[in-house]
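Side chains are part of it too, since the values below use all heavy atoms of this structure and drop only hydrogens, waters and symmetry mates.
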Amino acid sequence: MTKVHYFGPNLKRLRIQSGLSQAELGERLDTKLNGQAISNWEREINHPTYENLIGIAKFFNVMPSELLRTEKETAVGETTAVLDRIDEYMPKVAEIRRVMHMMGDFSTRQLDGLSEQLNQIMQYFRPYTPVDEDGEPETDQNGRKITKQSKYRDIPIKEIHQVYQELKAIQSYQDDRQKLD
């Protein structure tokens with residue numbers, strides 16, 4: 001029989017973070033297990049069935065594979081997913097930066113405004129905790145704060161395109177002005 005590494009410690013960590021006893025966790029799962037089953041899993045004496053693994057993952061709002069990874073493996077997996085998505089937007093960011101370098105005679109205020117817009121765009125690539133209308137962090141059914149990898153799926157493409165068009169207009173204005181001089 002193949003040993004399933006890291007499941008026990010991950011289960012225990014998630015259970016403790018949720019403030020649950022082994023018995024409470026067992027009662028809350030769809031399969032209604034006793035505390036002894038949870039204890040045996042945490043101590044890696046036994047391992048859950050596939051159905052129980054899926055149920056535990058749903059309960060803790062994690063992917064089943066995260067229950068079987070080390071913390072370092074989980075962090076690397078999240079980083080790779082974010083980096084893969086960033087590559088799609090880097091050409092546009094590079095073009096915006098190229099145009100900014102060409103705008104030597106524009107005011108510091110104008111450039112600061114564009115820089116702030118770029119910083120706001122980059123916020124979409126960083127992990128975040130969503131908040132409700134009162135500014136309180138959103139939580140899952142266990143009361144744990146929800147942290148999402150990034151807002152890249154919600155990137156305001158139209159706004160990015162608008163900033164890009166504004167930068168192109170400024171460049172065109174600068175080119176026309178140079179031709180007149």
Side-chain angles (χ1 to χ4, degrees), residues 6-33 38 41-42 48 52-97 99-100 108-167:
Y6 309 113
F7 175 77
N10 285 334
L11 176 61
K12 184 175 183 176
R13 176 180 47 81
L14 291 169
R15 178 183 59 77
I16 290 171
Q17 285 175 352
S18 298
L20 297 172
S21 69
Q22 292 171 338
E24 290 170 330
L25 174 60
E27 290 172 14
R28 289 193 180 182
L29 294 174
D30 290 339
T31 53
K32 304 288 186 213
L33 300 164
I38 304 296
W41 292 345
E42 288 181 359
N52 283 331
L53 179 67
I54 299 300
I56 291 166
K58 284 181 182 178
F59 180 81
F60 287 116
N61 195 26
V62 298
M63 297 296 296
S65 60
E66 289 179 48
L67 294 169
L68 306 174
R69 297 183 197 157
T70 64
E71 288 184 37
K72 286 182 182 180
E73 289 171 333
T74 300
V76 167
E78 291 171 0
T79 301
T80 302
V82 171
L83 291 177
D84 286 347
R85 190 70 176 172
I86 287 175
D87 289 342
E88 295 176 24
Y89 295 98
M90 289 311 292
K92 287 187 178 189
V93 172
E95 180 66 14
I96 290 171
R97 287 185 175 171
V99 171
M100 282 181 65
T108 304
R109 183 176 175 207
Q110 288 171 313
L111 294 175
D112 286 344
L114 291 173
S115 176
E116 178 60 30
Q117 287 176 339
L118 283 173
N119 284 331
Q120 289 174 358
I121 290 168
M122 293 308 293
Q123 288 295 323
Y124 287 91
F125 296 103
R126 296 185 183 116
Y128 73 102
T129 298
V131 295
D132 62 18
E133 61 273 358
D134 297 326
E136 294 295 322
E138 290 183 13
T139 58
D140 61 14
Q141 71 270 17
N142 300 315
R144 292 184 301 143
K145 289 181 186 176
I146 296 172
T147 300
K148 296 189 176 183
Q149 287 184 358
S150 69
K151 297 179 182 178
Y152 65 86
R153 288 190 176 107
D154 301 327
I155 288 180
I157 299 299
K158 290 180 182 177
E159 287 83 355
I160 292 171
H161 184 71
Q162 180 181 352
V163 170
Y164 176 73
Q165 293 301 328
E166 290 172 5
L167 290 171

Asks: Check whether E27 reaches the backbone of E24 with its side chain - one donor and one acceptor, N or O, closer than 3.5 Å.
Replies: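 Between the backbone of E24 and the side chain of E27 there is no qualifying donor-acceptor contact (under 3.5 Å).
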
Asks: For residues T129 and I146, determine if any side-chain heavy atom of one lies less than 4.5 Å from a side-chain heavy atom of the other.
Replies: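 A side-chain contact under 4.5 Å is absent here.
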
Asks: From L25 CG over to F59 CZ, what is the distance, rounded to the nearest 0.5 angstrom?
Replies: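 Atom-to-atom, L25:CG and F59:CZ are 5.5 Å apart.
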
Asks: Mind checking what makes side chain to side chain contact (heavy atoms under 4.5 Å, CB included) contact with E42, not counting sequence neighbours?
Replies: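 Partners of E42 under the side chain to side chain contact (heavy atoms under 4.5 Å, CB included) test: L11, K12, R15, Q22, I38.
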
Asks: If you define the side chain from C-beta out and look only at heavy atoms, does anything of N10 sit under 4.5 Å from L68?
Replies: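 Counting from C-beta outward, N10 and L68 never come under 4.5 Å.
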
Asks: Could you tell me if the side chain of W41 sits less than 4.5 Å from the side chain of I56, heavy atoms only?
Replies: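 Yes, close enough: below the 4.5 Å cut-off.
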
Asks: Quick one: side chain to side chain contact (heavy atoms under 4.5 Å, CB included) partners of Q120, sequence neighbours excluded?
Replies: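 With neighbours one apart ignored, the set is E116.
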
Asks: Scan residues 130-146 for pairs that pass side-chain hydrogen bond (donor to acceptor under 3.5 Å, both in side chains), counting only residues two or more places apart or in two chains.
Replies: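 Listed once each, the pairs are D140-R144.
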
Asks: Sequence neighbours excluded, which residues qualify as side-chain hydrogen bond (donor to acceptor under 3.5 Å, both in side chains) partners of Q162?
Replies: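 So Q162 forms a side-chain hydrogen bond (donor to acceptor under 3.5 Å, both in side chains) with E166.
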
Asks: Out of curiosity, E66 CD to N61 CG, how far, rounded to the nearest 0.5 Å?
Replies: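 The distance works out to 9.0 Å.
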
